[in-house]
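Below, all heavy atoms of this structure are taken into account, side chains as well, without hydrogens, waters or symmetry copies. Residues: numbered from 1 along the sequence shown.
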Amino acid sequence: WSLTEHLLSTYEGEYKAATQHPFLLAAAEGRLPKDVLGQWLANDRLYIHSYIRAAGKMLASVDLPPQAHQPEAAETQLVDWLIEALAAVRKEERFFIDVAARYGLGVELGELGELGELGVQGVQGVQGGKVPGLVLMEGLFAGVGRPELGPVTAAAERPPEILIPWLEGAVTFWGTERCYLDAWSWAKSKEPLARGTPDAREDADGGALRKEFIPNWSSAEFAQFVGRLGSLIDFTVADALQKAGDGADAVKEAILARVEGKWKSLLAAEATFWPEI
């Protein structure tokens, strides 16, 4: 039994809304104006900042194995993944800024009035120019670590009895990365249908999405990176169920109770991160 496959098959409508949005189709067809794309990128940059803070909290909450002969423990692999993720998102932010400079995109968060002038319809209820999905994601990231205990100050403060104490945080990171990968992979699959714009330089954004961003966000390397965390989650959960023996059904039920609600909340955040155009 795979926890990640179970989650992907749960709330299918919500997952489709998060990964097959009209904004993505417009991106694939070269129809997103520079100002609309720039404001979305500005929100995505703030998402990166929240991601970095959450990864730091997650790292502080993980108990690494004290034994030297356990280099492949799940916690060790999780820490490795998080460190790579931190390096990757910092590289991504620099990539945003570089591409924005070369294509004339503004990536500073605009005021509400400016967003309205851009023709972005989904900005009602935003906070300080943030799209609703960013506000929701910041809330989800704020809970990473040990949410049942409140803010985490040290790994030693955690009671040892909680099974896979890092599970909710790992599902949050895997879920947001998987949604991003699937969303832009779906957009890439729509590129051959782009209406009369074989040359990306003719796109409304000058080609920034189809030449730079979409290939990066749908790459095999990115898919492999996301898959590693998914595999780690699945292996660790399967191992816990196997060790539970006759109590496996109860353990499975408890795990689902911990993560299904977070998964649904994550999908809501991802779906409302895309502006309505």
Scan the side chains in residues 242-255 for donor-acceptor partners under 3.5 Å anywhere in the protein, sequence neighbours excluded, and list what turns up.
residue	atom	partner	partner atom	Å
K243	NZ	D239	OD2	3.0

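- A donor-acceptor pair under 3.5 Å is formed between the side chain of K57 and the backbone N or O of A142.
- The main-chain N or O of E5 is found under 3.5 Å from a side-chain atom of S9 such that the two form a donor-acceptor pair.
- Both F96 and V99 belong to a single network of hydrophobic side chains, linked directly or stepwise wherever heavy atoms of I, L, V, M, F, W or Y lie under 4.5 Å apart.
- Shown here are the side-chain contact (heavy atoms from CB on, under 4.5 Å) partners of A268, two or more places apart in sequence or in another chain: there are none.
- Side-chain polar atoms of D182 and Q20 form no donor-acceptor pair below 3.5 angstrom.
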Check: residues 220-229 side-chain donor-acceptor pairs under 3.5 Å, at least two apart:
residue	atom	partner	partner atom	Å
R228	NH1	E84	OE1	2.9
R228	NH1	E84	OE2	3.4
R228	NH2	E84	OE2	3.2

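- Salt bridge status for R45 with E93: present, with a side-chain N to carboxylate O gap under 4.0 Å.
- Not counting sequence neighbours, the partners of E138 by the salt bridge (Lys or Arg N to Asp or Glu O under 4.0 Å) test are K130.
- When the salt bridge (Lys or Arg N to Asp or Glu O under 4.0 Å) test is applied to D44, no partner is found at least two apart in sequence or on another chain.
- The two atoms that bring L24 and T19 nearest to each other are CD1-O, 3.5 Å, heavy atoms only.
- Among residues two or more places apart in sequence or in another chain, the side-chain contact (heavy atoms from CB on, under 4.5 Å) test is passed with S185 by L181, S218.
- No hydrogens or angles considered: a donor-acceptor pair under 3.5 Å links the side chains of T176 and Y47.
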Assess whether side-chain contact (heavy atoms from CB on, under 4.5 Å) is satisfied between K211 and D203, documenting all intermediate values. CA-CA 10 Å; K211 291 177 63 178; D203 291 355; over 6 Å; no
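- For F273 and Y180, the ring centers sit 6.0 Å or farther from each other.
- With values rounded to the nearest 0.5 angstrom, L41 atom CG is found 12.5 Å from Y103 atom OH.
- Among V107, V135, V131, the one residue that satisfies the side-chain contact (heavy atoms from CB on, under 4.5 Å) test with N43 is V131.
- L163 and W263 fall within a single hydrophobic cluster, where Ile, Leu, Val, Met, Phe, Trp and Tyr side chains are chained together by heavy-atom contacts under 4.5 Å.
- Checked against side-chain hydrogen bond (donor to acceptor under 3.5 Å, both in side chains), D234 has the following partners two or more places apart in sequence or in another chain: S2, T4.
- Qualifying side-chain contact (heavy atoms from CB on, under 4.5 Å) partners for L25, counting only residues two or more places apart in sequence or in other chains: E29, R31, W186, K190.
- In this structure, the separation between CG on L256 and CG on L7 is 7.5 Å, given to the nearest 0.5 Å.
- Applying the salt bridge (Lys or Arg N to Asp or Glu O under 4.0 Å) rule to E212 yields the partners R102; only residues at least two apart in sequence or on another chain are considered.
- Counting only residues at least two apart or in different chains, salt bridge (Lys or Arg N to Asp or Glu O under 4.0 Å) contacts with residues 10-28 are absent.
- Ring-plane geometry between F213 and F95 is classed as perpendicular, the angle between the planes exceeding 60 degrees on a 0 to 90 degree scale with a lower cut at 30.
- For I52, the side-chain contact (heavy atoms from CB on, under 4.5 Å) test picks out I48, L86, V89, R90, with sequence neighbours left out.
- The ring-ring contact (aromatic ring centres under 6.0 Å, His included) test applied to F23 returns W40, W274, not counting sequence neighbours.
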